[in-house]
Amino acid sequence: VFTGAVVCAGAALLPDADHHNGTIAHSVPVVGRLLTRTIGTAAGGHRRGLHSLLALAGVIALGSVLGLVRFDSGTYGTVPLGAGLATMALVAFATRALGIARKSWAGPWLLGLTVATGIIFLAPTEILWLPLAIGLGFAIHLLGDGLTIGGVPWLWPWKPRPPAWFDDVPLLGDIWQGNGHFALPVLGRAGSAREWLLGCVLTVYLACALVYEACSAVGYDVLALFN
Ligand SMILES: [Zn+2]
């Protein structure tokens with residue numbers, strides 16, 4: 001659960017690798033900006049190609065391939081090298097996004113290396129865990145963006161246009177937009193108070209789930225307290 005959650009959190013930042021001033025851009029000096037600028041151009045700009053079902057399928061495929069990169073070390077058994085490298089980068093991104101070690105770019109990578117070393121020994125043997133964790137994180141980012149006004153071009157590179165009368169009906173024009181983006185804009189603009197509130201609710205839920213899982217791990221059932 002822990003390894004999956006860490007990889008999932010890092011993967012949730014990947015769609016914004018199309019933004020030259022985002023978390024990933026600042027993860028490595030010069031190279032980060034260059035890489036994100038290139039990705040942004042290839043994807044047609046921010047919230048374009050990297051925010052689509054096609055990109056989601058692409059990262060799941062990439063995760064599957066990385067999950068297969070493993071070698072037999074003899075004494076230490078099978079070493080999942082691909083999962084380790086993916087974990088290192090994703091943990092570095094997640095650490096940066098959380099605002100830990102903001103001053104140095106090397107700090108998050110060192111933490112990533114530490115977690116990745118652990119993963120190499122603790123990684124689940126199921127081959128599917130890596131693409132599953134990466135795909136889940138990526139998909140949750142797209143769903144979250146889909147709840148804001150800007151929406152998501154799910155069908156990119158196809159940008160289907162809504163019928164002209166869509167714009168005249170309240171709400172309908174926000175749900176299927178003229179540029180081929182789709183949204184269920186219950187959160188309003190990115191960075192709105194509603195978005196912050198949703199973040200708070202999810203954080204409280206996560207804290208409760210962590211306490212529950214930690215207690216279960218040592219054989220203590222917290223829910224029994226409420227019965
Ligand atoms: Zn995004």
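In listed order, ligands and their atoms are each counted from 1. Throughout, numbering of the chain's residues begins at 1 and tracks the sequence.
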If we only look closer than 2.8 Å, how many protein N, O or S atoms does the Zn ion (ligand 1) have near it?
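Protein N, O or S neighbours of the Zn ion (ligand 1) under 2.8 Å, waters not counted, come to 4.
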
Return yes if some donor-acceptor pair links the side-chain N/O of Arg48 with the main-chain N/O of Pro153 below 3.5 Å, else return no.
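No: the side chain of Arg48 does not pair with the backbone of Pro153.
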
Answer yes or no: is there a donor N or O on one side and an acceptor on the other, between the side chain of Gln177 and the main chain of Ile149, under 3.5 Å?
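Checking the backbone N and O of Ile149 against the side chain of Gln177, a donor-acceptor pair under 3.5 Å is found.
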
Side-chain heavy-atom pair Trp129, Val7 within 4.5 angstrom cut-off:
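Trp129 vs Val7: side chains touch.
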
Atom pair CZ/CG of Arg194 and Leu197 - distance to nearest 0.5 Å
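CG of Leu197 is found 10.5 Å from CZ of Arg194.
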
I need the full list of ring pair (Phe, Tyr, Trp, His ring centres under 6.0 Å) pairs touching residues 169-195, with sequence neighbours left out, sorted by first then second residue.
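Residue pairs passing ring pair (Phe, Tyr, Trp, His ring centres under 6.0 Å), neighbours aside: Phe166-Trp176, Trp176-Phe182.
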
With respect to Arg47, which candidate in Asn179, Asp16, Thr148 satisfies the side chain to side chain donor-acceptor pair (under 3.5 Å) definition?
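Of all the options given, the one that passes is Thr148.
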
